[in-house]
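One structure below.
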Protein chains: 2
Amino acid sequence: MNIYDISKAAGVSIASVSRVINGADNVSEKTRKKVMDIIDEYGYTPNAYARGLGRGSMKTIGIMCSDSSDIYLANAIYYLETDLRKNGYNSILCCTGYDLETKKASFELLKSRQVDAFILAGSKYVEKNPEDNQYIIDGAKEHPVMMVNGCIEAMGIYSVRSDDMGGMKEAFTQLHESGAKKIIYVYSSDSFSGEQKIEGIKAGAKKCGISEENIRIVKGKKSYGDIAELLAAEYEKEAFDSIIASSDTSGIGAVKFAVSHGLRIPEDIQIVSYNNSKLAEASTPELTSVDAKLEEVCQKTCDSLMKLLNPPLDENGNALPVSLPARTVVKTKLVKRATTRF
Amino acid sequence: MNIYDISKAAGVSIASVSRVINGADNVSEKTRKKVMDIIDEYGYTPNAYARGLGRGSMKTIGIMCSDSSDIYLANAIYYLETDLRKNGYNSILCCTGYDLETKKASFELLKSRQVDAFILAGSKYVEKNPEDNQYIIDGAKEHPVMMVNGCIEAMGIYSVRSDDMGGMKEAFTQLHESGAKKIIYVYSSDSFSGEQKIEGIKAGAKKCGISEENIRIVKGKKSYGDIAELLAAEYEKEAFDSIIASSDTSGIGAVKFAVSHGLRIPEDIQIVSYNNSKLAEASTPELTSVDAKLEEVCQKTCDSLMKLLNPPLDENGNALPVSLPARTVVKTKLVKRATTRF
DNA sequence: TCCTCCGCTGTAACCGCTTACATTTATTGT
DNA sequence: ACAATAAATGTAAGCGGTTACAGCGGAGGA
């Protein structure tokens, strides 16, 4: 069932059918109805690829994320996909894992799929070694690249992220003001936003008059158990009265540590985690968490992308240049729950 | 940069270029090298849509899920996408929500994208009213439809799911054997697998010699708080000593109920949840949960799909018919943790 | 009445690839 | 050395749409 079949059945040319399915205004009401009736009768769906070929745009966005089963990224994907679809765009998803070669291969694959733009979700797409980002920088010359919670400085790369530094600074400060004397920061992965968070911790400490060498920062693995063990070992070395965790996952590890050590939350120990994903509420007791405003970040990402891909037209129908901020930073919000005294 | 550019630069015909990029064996080593060199030099990526148009298959699978931010589905998507990509297939994702019209629209959209097959992830694609499934049944006439944890009986629809009935039966039986006298089952959503689970509860009760009218089944909403409140109200009416939850999410609600009522877990109250997603371990105390073997379910889904889409060929290169079981059921496994005494 | 203009419709080229088939070139046997 | 055969390559027709441009008929003005 293709456009020829429809045109034959309706007794019009394929051009007219094309006009009808594209909602062009220069079709008579009579033809439109004739064509629509046939289309409804036969249940015809235009071939998106042929359309894309003819038109030059597939109305498709390539989304890359390291691991869609990560709660945080799963949410991002949901927001992005839904938002894009509302705007008439489809998403091709690639779960790239953490290996650079796989990331590159996925990028190529999405290119071959003629995506109109890329969205790199998560801060795992900023490599330590600048050369390793070259594939993204090159790609951005052809199609816009939106980075969600990551940032690479180059033409065509736009970044929307939450204010991780500010968020962590606030968490630290609040904790300090609520009487915390010994704060430990635990994180589990290095990344662009990971560094921002550490900067935030340092900034918070500075604001509270705590010297650099008195800031305690430890790095663990991703699992709850690992974080709990790490904190236990640290506690052994020197007790602390508050924990800031780089994610809700780590926050839960912190809760497990506290519970297994018979420490009362929040009386003996306070915990603040980050992201405010569903995990924060899933925890018992529920975690005080810095809301990373993921939904807003995703929504701003889509907004910018839509502006970029569908620029306003001047009176002659030519695209007007759009100027978008290369970086957008969304303010976070501390959500108070049961693991803190404030 | 298209195949003509490459053919010109390499001094061969586009057919030869096509053969090279498709790894055909009837190309001389000399031309292959010439072409590959040019491709590498110019960084050419073939247009997947033109290929698909010419070839008739896009090597793309349409995945529908109600909500990719649901932890369970997020995992499914990860497994499916990764597995499909390993097999050279891409995935287009549609998060359809729970509304029938949106589901239908997404189905149409994926059709227009010429997907080679559909995967409907989650048990939310089996509607109560059989007529409402017609769009899937019709779709299955054109392309295979794989249902993950759902089941509709029709030509071209294949179902892979976990043995929810058996899993729940085992949970009930184990609980009973560990001394539970008053078991309550709490669930939060109606669906195909929801019904299976209830059947399992009933089967377990029967096996334990408990009459139908003594089985307590309550339905709540999705949030932790709601489940906790519901259980509190039920407890008020009549105390129970064990909770079976239809998901880890509900299980966490049960934990919250127990904690807020000062009930010790598992001494005063035992809890068994379902899925064994990351949430089960995230909970404090960690949830005993029936592992729904999602990874295995997804892997079997992909396996079957690949067999269907790439059937073995006979000596003349014709596809041999493949016969696949329309239903595959994967055995679950009870994972014991801290919320039960067994 | 004839010409112009306009709205609608149709024709055909093109998007970038695959592939059946024709053609050329290389290999082998006698 | 030459036909027969096999291997490599090229040509051209699709795949299913979009769209520039040409053509057509009818309304309105001179």
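Shown here are the salt bridge (Lys or Arg N to Asp or Glu O under 4.0 Å) partners of B:Arg85, two or more places apart in sequence or in another chain: B:Glu81. Not a single ring pair (Phe, Tyr, Trp, His ring centres under 6.0 Å) links A:Tyr72 to another residue, sequence neighbours left out. Remark: B:Lys34 engages no residue in a salt bridge (Lys or Arg N to Asp or Glu O under 4.0 Å) (not counting sequence neighbours). Scored by the salt bridge (Lys or Arg N to Asp or Glu O under 4.0 Å) test, B:Arg32 finds B:Glu29 as partners (sequence neighbours excluded). Residues passing the salt bridge (Lys or Arg N to Asp or Glu O under 4.0 Å) test with A:Lys307, sequence neighbours excluded: none. For the ring pair (Phe, Tyr, Trp, His ring centres under 6.0 Å) test, residues two or more places apart in sequence or in another chain that qualify with A:Tyr49 are B:Tyr49. In this structure, the ring pair (Phe, Tyr, Trp, His ring centres under 6.0 Å) partners of A:Tyr135, at least two apart in sequence or on a different chain, are A:Phe107. In this structure B:Lys33 satisfies the side-chain contact (heavy atoms from CB on, under 4.5 Å) test together with B:Asp37, sequence neighbours excluded.
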Contact list (N/O, under 3.5 angstrom) for nucleotides 19-22 of chain D vs protein:
none

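Rounded to whole Å, atom C1' of C:dC6 lies 14 Å from atom CG of A:Asp25. Protein atom OH of A:Tyr44 is 10 Å distant from nucleotide atom P of D:dG16, rounded to whole Å. Atom CG of A:Asn47 and atom C1' of C:dC15 are 13 Å apart (whole Å). Counting to the nearest Å, the P atom of D:dG10 and the NZ atom of B:Lys30 are 11 Å from each other. Rounded to a whole Å, the NZ atom of A:Lys59 is 14 Å from the C1' atom of D:dT18. Atoms CD1 (A:Ile3) and P (D:dG14) sit 18 Å apart, rounded to a whole Å. Put simply, CG on A:Asp5 is 10 Å from P on D:dC15, counting in whole angstrom units.
Contact annotation for A:Val17: no contact, since no heavy-atom pair falls under 4.0 Å across all strands. The residue A:Asn2 sits close only to the backbone: its heavy atoms come under 4.0 Å of sugar-phosphate atoms, none of a base. Counting non-hydrogen atoms under 4.0 angstrom, A:Tyr49 reaches nothing in the nucleic acid.
Each of A:Gly52 and B:Tyr4 was assigned the nucleotide of DNA chain D with the nearest heavy atom; the assignment lying further toward the 5' end belongs to B:Tyr4. For B:Leu53 and A:Ser16, each mapped to the nucleotide of DNA chain C holding its nearest heavy atom, the one lying further toward the 5' end belongs to A:Ser16.
Atom CE in B:Met1 sits 10.0 Å away from atom OG1 in B:Thr45 (nearest 0.5 Å). From A:Ile61, atom CD1 reaches atom CG of A:Leu110 across 10.5 Å, with rounding to the nearest 0.5 Å. Between B:Ser57 atom OG and B:Gln114 atom CD the span is 10.0 Å, to the nearest 0.5 Å.
At most 12 heavy atoms of other shown residues, nucleotides or ligands fall within 6.0 angstrom of atom OH in B:Tyr42.
Taking 4.5 Å as the limit, some side-chain heavy atom of A:Glu127 sits within range of a side-chain heavy atom of A:Leu100. Between A:Ser91 and B:Ile92 there is no side-chain heavy-atom pair separated by less than 4.5 Å.
Minimum atom distance to the side chain of B:Arg51 is reached by C:dC17, of the listed D:dT11, C:dC17, D:dG16. When distances are taken from the side chain of B:Asn26 to each of D:dA8, D:dG16, C:dT11, the shortest belongs to D:dA8.
Taking the ring axis of A:Tyr125 as reference, the NZ or CZ atom of A:Lys103 stays within 45° of it and closer than 6.0 Å to the ring centre.
Remark: nothing in residues 31-42 of chain A comes within less than 4.0 Å of DNA chain D through any heavy atom.
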task: Sugar-phosphate atoms are those with a prime plus P, OP1 and OP2; base atoms are the rest. Using that split, label each nucleotide of nucleotides 22-27 of chain C B, S or - for protein heavy atoms under 4.0 Å, 5' to 3'.
output: ------
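Phosphate proximity of D:dT9 to B:Ser28: present, with a side-chain N or O under 4.0 Å from OP1 or OP2.
Each end of the helix from C:dT1-D:dA30 to C:dT30-D:dA1 gets its own axis, taken as the rotation carrying the C1' atoms of four end pairs onto the next four within a five-pair window, and the two axes meet at 50° to the nearest 10 degrees.
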